[in-house]
Amino acid sequence: MTNNGINDGLKSQLEEMFENRVSFSKLERMVYSHDVGVIPDSVKKTIATMPDAVVQPVNADEVSALVKLANENKVPIIPRGAASSGFGGAVPVANGIVIDLARMANVISIDTEDLTAEVEPGVVWSELDGKLKRIGLTLRLYPSSAPTSTVAGWVAQGGSGIGSYEYGTFRDNIVSVEMVDPQGNLKVMEGDDLDLVYSLEGITGIITKVTFNVKKDEEQIPILAAFNDEKKLQAALDEIRKAGTRVWSVSIQTPGYVELSQRAAKDTTLPKGKYLAQFVYLQSSAEVASEVEDIVRRNKGEVLPENIARHEWDNRFYTMRLKRLGPSLIASELIVPADSMADFLKSVDKKFKGDFVFEGIMETPDRFIMMGFMLADESKTNYPLKFSSSLIVADIA
Ligand SMILES: Cc1cc2nc3c(=O)[nH]c(=O)nc-3n(C[C@H](O)[C@H](O)[C@H](O)COP(=O)(O)OP(=O)(O)OC[C@H]3O[C@@H](n4cnc5c(N)ncnc54)[C@H](O)[C@@H]3O)c2cc1C
């Protein structure tokens with residue numbers, strides 16, 4: 001055995017296969033022993049998060065050979081995109097080999113007739129969107145981690161994001177997924193079989209190619225509305241939902257979230273103590289603007305000036321800057337039915353007195369995906385207790 005748990009034979013085979021694309025260095029392995037989240041020490045003690053090796057394959061054949069080799073040697077493998085999920089899925093629990101897919105980041109083809117993109121797993125959303133825009137196309141939807149996160153990471157983690165109000169979850173937009181199964185065989189998943197790979201955190205295979213729908217590019221126009229309380233916010237959202245207003249994306253922020261994000265950004269643009277709702281519509285549905293604004297005003301909301309709406313839209317990727325105030329950030333992701341949003345927010349506020357703040361994306365007209373955040377300090381003894389608050393919030397949801 002080497003000093004890091006992989007036997008010398010396997011180490012030599014990995015070096016022969018991957019040359020300078022395999023690393024056994026302690027420093028590099030440490031980088032791969034966590035993701036964007038912070039696991040409490042008490043939990044960390046029960047698992048082995050340090051990988052024995054990190055490998056960066058460049059094609060599906062290499063992934064297949066690696067899976068077979070790991071099988072023969074009974075060594076765990078852990079696929080990793082940008083490690084932005086924060087739930088530990090890309091982090092080892094029993095050492096093993098991390099498969100970093102960053103080098104498989106080619107856009108294979110873009111079909112301008114069928115409006116689909118075929119890409120390698122490590123393609124980063126924002127980079128792909130830049131390429132699409134140059135030929136008059138764009139993404140139907142993307143996570144707000146788009147500047148760093150990868151396409152396969154979203155397949156494996158599952159989720160919804162900006163654009164979901166119109167286009168649903170990412171699952172609804174996938175045409176096919178190519179993956180290397182646990183035996184090392186290459187498979188293509190389509191139709192109902194996508195459920196055997198989507199949102200399963202890589203446990204059924206390593207994704208090597210994804211084909212999904214994109215759309216024609218057009219201007220995205222944000223409207224930002226402020227409400228005094230959660231009931232008025234809920235009433236406006238209910239009305240928009242029932243009217244079938246053709247909005248592309250809907251998201252909300254609680255007053256606590258607005259306050260923290262403004263503090264972290266040293267910004268004072270947004271009003272204090274208000275619930276905010278952002279509605280984004282596409283230029284081809286310009287009639288939506290007056291519909292949304294009428295509904296907001298009817299429900300005693302204020303439509304904020306256009307420059308503020310644009311400022312907030314331009315800042316949509318910076319959720320994690322809250323961490324600057326932490327130093328740690330406890331995050332919780334929850335599904336909340338759209339018609340009980342106000343009750344949910346009221347109950348959480350009663351329990352946590354404003355310490356848990358939220359931003360949410362309307363995944364479909366019927367439900368929200370709420371991201372809850374609580375500032376914490378992982379070096380303090382009360383961190384595990386605070387960490388468990390995320391479970392209480394989930395219970396309320
Ligand atoms: C600021 C911020 C904003 C976010 N916004 C959103 C949002 O709007 N919507 C949303 O849904 N999520 C969001 N997230 C969570 C996260 O960014 C997404 O889940 C993202 O899709 C993860 O992609 P990744 O490349 O970072 O994957 P990773 O975190 O590296 O991996 C996620 C999971 O996928 C597995 N995996 C990765 N690549 C492969 C592969 N090739 N084959 C098989 N399994 C693989 C990993 O093992 C892990 O289990 C956000 C996170 C942050 C930090």
Side-chain angles (χ1 to χ4, degrees), residues 6 10-23 32 51-85 89-90 92 96-111 114 116-125 127-128 131-132 148-158 170-171 173-214:
I6 285 191
L10 176 56
K11 189 172 181 229
S12 307
Q13 276 174 294
L14 287 170
E15 280 168 339
E16 202 173 302
M17 282 165 74
F18 295 100
E19 299 175 348
N20 64 345
R21 291 179 287 111
V22 58
S23 175
Y32 288 86
D52 299 310
V54 179
V55 171
Q56 293 184 325
V58 290
N59 57 42
D61 287 345
E62 283 194 353
V63 174
S64 167
L66 180 57
V67 169
K68 286 177 183 163
L69 190 63
N71 265 341
E72 281 161 23
N73 288 274
K74 299 199 177 354
V75 173
I77 46 175
I78 308 96
R80 180 175 176 112
S84 72
S85 68
I97 302 170
V98 167
I99 307 180
D100 175 2
L101 292 135
R103 288 185 194 244
M104 291 178 68
N106 292 307
V107 175
I108 300 163
S109 67
I110 295 170
D111 189 326
D114 283 352
T116 54
E118 184 185 25
V119 306
E120 288 188 335
V123 163
V124 170
W125 286 108
E127 288 168 19
L128 173 61
K131 287 197 170 116
L132 288 169
T148 55
S149 64
T150 67
V151 171
W154 214 22
V155 176
Q157 191 64 45
F170 187 38
R171 165 73 174 82
N173 296 276
I174 300 174
V175 177
S176 66
V177 171
E178 179 193 271
M179 69 174 198
V180 172
D181 76 6
Q183 284 69 47
N185 303 315
L186 204 60
K187 280 192 171 159
V188 177
M189 318 299 274
E190 292 170 324
D192 289 346
D193 281 352
L194 288 171
D195 292 332
L196 302 175
V197 60
Y198 182 77
S199 194
L200 294 180
E201 301 203 12
I203 57 171
T204 55
I206 313 293
I207 298 160
T208 48
K209 191 160 71 180
V210 187
T211 305
F212 55 96
N213 298 114
V214 295

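Residues A90 and R80 approach most closely at O-NH1, 3.6 Å, considering heavy atoms. Closest non-hydrogen pair, G122 versus T150, comes out as O-CG2, 3.7 Å. Across all their heavy atoms, E120 and R103 have their closest contact at OE1-O, 4.4 Å. In plain terms, the two heavy atoms of E62 and V58 that are nearest each other are OE1-N, 2.9 Å. When all heavy atoms of M17 and L69 are compared, the pair lying nearest together is SD-CD2, 3.7 Å. Taking each heavy atom of Y32 and V98 in turn, the nearest pair found is CD2-CG1, 3.7 Å.
By the 4.5 Å heavy-atom criterion applied to side chains, P79 and L101 are counted as neighbours. Side-chain contact check for I97 versus D52: every heavy-atom pair is 4.5 Å or farther apart. Side-chain contact between V63 and M104: present, with at least one pair of heavy atoms (C-beta onward) separated by less than 4.5 Å.
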| request: Under the side chain to side chain contact (heavy atoms under 4.5 Å, CB included) rule, what do I6 and L14 come out as? Steps first, then yes or no, please. | output: CA-CA 10 Å; I6 285 191; L14 287 170; 4.2 Å; yes
| request: Let me see the working for R171 and D195 under salt bridge (Lys or Arg N to Asp or Glu O under 4.0 Å), right down to the final yes or no. | output: CA-CA 8 Å; R171 165 73 174 82; D195 292 332; 2.9 Å; yes
| query | Yes or no on side-chain hydrogen bond (donor to acceptor under 3.5 Å, both in side chains) for T208 and E178, after CA distance, side-chain angles and deciding distance? | reply | CA-CA 6 Å; T208 48; E178 179 193 271; 2.7 Å; yes
| task | Decide side chain to side chain contact (heavy atoms under 4.5 Å, CB included) for E190 and V188; before the verdict, give the C-alpha distance in whole Å, the side-chain angles of both, and the deciding distance to 0.1 Å. | result | CA-CA 7 Å; E190 292 170 324; V188 177; 4.2 Å; yes
| request: I would like to know whether W154 and F212 meet ring pair (Phe, Tyr, Trp, His ring centres under 6.0 Å); could you show each step before the answer? | output: CA-CA 12 Å; W154 214 22; F212 55 96; 9.3 Å; no
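Taken from CG in N73 to CG in L10, the straight-line distance is 4.5 Å, to the nearest 0.5 Å. For the atom pair OG1 of T116 and CG of N173, the computed distance is 12.0 Å after rounding to the nearest 0.5 Å. Distance CD1/I108 to NZ/K209: 5.0 Å, rounded to 0.5 Å. Between the CG atom of N71 and the CG atom of L66 there is a distance of 10.0 Å, given to the nearest 0.5 Å. Interatomic distance, S149 OG to Q157 CD, rounded to the nearest 0.5 Å: 10.5 Å. We find the CD-OG1 distance between E127 and T148 to be 10.0 Å, quoted to the nearest 0.5 Å.
Between the side chain of D100 and the backbone N or O of V55, no donor-acceptor pair lies under 3.5 Å. Distance alone, capped at 3.5 Å, is enough to place a donor-acceptor pair between the T204 side chain and the L196 backbone. A donor-acceptor pair under 3.5 Å links the side-chain atoms of S64 to the main chain of G184, judged by distance alone.
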